[in-house]
Amino acid sequence: MIEYIKGDIVELTPARMILECGGIGYELSISLNTYSAFGGKASGLIYVYEVIREDAHLLYGFAEKVERELFLLLTSVSGVGPNTARMILSSFPPTELIQVIGSKNEAALTAVKGIGLKTAQRILVDLRNKVKPLADVPEATSLAAPANGEVAEEAVAALVMLGFQKAASQKAVSAILKGSPQLAVEQVIKTALRML
């Protein structure tokens, strides 16, 4: 099991990171929260969870241990796979997700793509007593947004990587940025995730 990787950030997008360590580039699937935490940095330490399947070895990266713990808890719920867990973690910062689970907020969970009412109820029932020890989590700080065109491009690319169609993603991102042009890319994606 890989605990963490420390190295140089070669590429960073809202859904993926390439981290070079010892001459090897590791591709990590990340959430928007992790993207926000590493934005503007040249190097860093990322906590890792490795998924080994018959057809692939996948690495999921997290800026904080608590986000990885939430990912593991989410994937322990029947019907929630790694990509769905990452989608949930992209929709809510760790502290907000803990509050959503603690307050049994089905509506917030069902607003996430791929989460139906039954899955939301399963998450709430299975995890409501497991997230309380994680309650003292500091919230990640958001960085200044790049130019509007870059924000739109990155947001659409991230949504496509998360499984949404490009045309629908572009339409949602345009509508969001038309109403709030100053939004950071993470905020645009989070808003789009609730719209799509």
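All heavy atoms count here, side chains included; hydrogens, waters and symmetry mates do not. Note that this is a predicted model, so its numbers are computed, not measured.
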- Message: Walk me through whether Ile123 and Leu74 qualify under side-chain contact (heavy atoms from CB on, under 4.5 Å).
- Response: CA-CA 7 Å; Ile123 289 169; Leu74 286 166; 4.1 Å; yes
- What pairs with Gln121 under side chain to side chain donor-acceptor pair (under 3.5 Å), at least two apart in sequence or on another chain? Glu106
- Task: Answer with yes or no whether the hydrophobic clustering places Ile24 together with Met17; edges join I, L, V, M, F, W, Y residues whose side-chain heavy atoms lie under 4.5 Å apart.
- Result: yes
- Gln165 atom CD, neighbour heavy-atom count above 12 within 6.0 Å: no
- Query: What's the shortest heavy-atom distance between Ala63 and Glu67, and which atoms?
  - Reply: N-OE1, 3.9 Å
- Message: If you compare all heavy atoms of Ala155 against all heavy atoms of Val185, which two are closest, and at what distance to 0.1 Å?
- Response: N-CG2, 3.6 Å
- Task: Output all residues satisfying salt bridge (charged side-chain N to carboxylate O under 4.0 Å, His left out) with Glu20, sequence neighbours left out; order by chain, then residue number.
- Result: none
- Note on the structure: Checking Leu177, Ile176, Val173 against Thr191 for side-chain contact (heavy atoms from CB on, under 4.5 Å), the one that qualifies is Ile176
- Please confirm whether the backbone N or O of Ser78 pairs with a side-chain atom of Arg122, one donor and one acceptor, at under 3.5 Å? yes
- Query: What pair of heavy atoms forms the shortest contact from Ser90 to Ser31, and how long is it?
  - Reply: OG-CA, 3.4 Å
- Show the numbers, then the answer: is there a side-chain contact (heavy atoms from CB on, under 4.5 Å) between Leu70 and Leu127? CA-CA 9 Å; Leu70 285 168; Leu127 302 185; over 6 Å; no
- Answer with yes or no whether the hydrophobic clustering places Leu72 together with Ile115; edges join I, L, V, M, F, W, Y residues whose side-chain heavy atoms lie under 4.5 Å apart. yes
- Query: Listed by chain and number, what are the side chain to side chain donor-acceptor pair (under 3.5 Å) partners of Asn83, not counting sequence neighbours?
  - Reply: Tyr60
- Indicate yes or no: at least one non-hydrogen side-chain atom of Leu193 is less than 4.5 angstrom from one of Val112. no
- Message: I need the minimum non-hydrogen distance between Leu159 and Ser169, along with the two atoms involved.
- Response: CB-OG, 3.4 Å
- Answer with yes or no whether the hydrophobic clustering places Tyr47 together with Ile18; edges join I, L, V, M, F, W, Y residues whose side-chain heavy atoms lie under 4.5 Å apart. no
- Under the 3.5 angstrom rule, does the side chain of Arg68 hit a backbone N or O of Glu3 as a donor-acceptor pair? yes
- Test Leu109 against Asn105 for side-chain contact (heavy atoms from CB on, under 4.5 Å), laying out the working first. CA-CA 7 Å; Leu109 283 175; Asn105 190 344; over 6 Å; no
- What's the spacing between Glu69 CD and Glu64 CD if we round to 0.5 Å? 12.0 Å
- Task: Report the distance from atom CG of Leu89 to atom CD of Glu96, rounding to the nearest 0.5 Å.
- Result: 11.5 Å
- Within a strict 4.5 Å, meaning less than it, do heavy atoms of the Phe38 and Ile30 side chains meet? no
- Task: Without swapping roles, check the side chain of Gln187 against the backbone of Ala184 for a donor-acceptor pair under 3.5 Å.
- Result: yes
- Message: As a test of understanding, state which of Val51, Leu28, Ile46, Leu19 forms a side-chain contact (heavy atoms from CB on, under 4.5 Å) with Leu59.
- Response: Leu28
- Message: Which heavy atom of Phe62 sits nearest to which heavy atom of Thr34, and what is that distance?
- Response: CA-OG1, 3.5 Å
- Message: Could you measure the distance from the NE2 atom of His57 to the CD atom of Glu50? Nearest 0.5 Å is fine.
- Response: 7.0 Å
- Query: Does Tyr49 have any ring-ring contact (aromatic ring centres under 6.0 Å, His included) partners at least two apart in sequence or in another chain, and if so, which?
  - Reply: Phe71
- Note on the structure: Residues passing the ring-ring contact (aromatic ring centres under 6.0 Å, His included) test with Phe92, sequence neighbours excluded, are none
- Task: Return the set of residues passing salt bridge (charged side-chain N to carboxylate O under 4.0 Å, His left out) with Arg86 (not counting sequence neighbours), or none when no residue passes.
- Result: none
- Backbone of Pro94 reached by a side-chain donor or acceptor of Asn33 within 3.5 Å: no
- So how far is it from Glu186 CD to Leu32 CG, rounded to the nearest 0.5 Å? 6.5 Å
- Query: So if you build clusters from Ile, Leu, Val, Met, Phe, Trp, Tyr with side-chain heavy-atom gaps below 4.5 Å, do Ile5 and Leu58 land together?
  - Reply: yes
- Query: Do you reckon Val125 sits in the same ILVMFWY cluster as Leu97, going by side-chain contacts under 4.5 Å, direct or chained?
  - Reply: no
- Query: Between Lys190 and Pro93, is any pair of side-chain heavy atoms under 4.5 Å apart?
  - Reply: yes
- Mind listing the closest non-hydrogen atom pair of Ala120 and Thr110 along with its distance? CB-CG2, 3.8 Å
- Task: List the steps and the verdict of side-chain contact (heavy atoms from CB on, under 4.5 Å) for Tyr26 and Val48.
- Result: CA-CA 11 Å; Tyr26 295 94; Val48 175; over 6 Å; no
- Value for CD (Gln170) from CD (Glu153), rounded to nearest 0.5 Å, stands at 10.0 Å
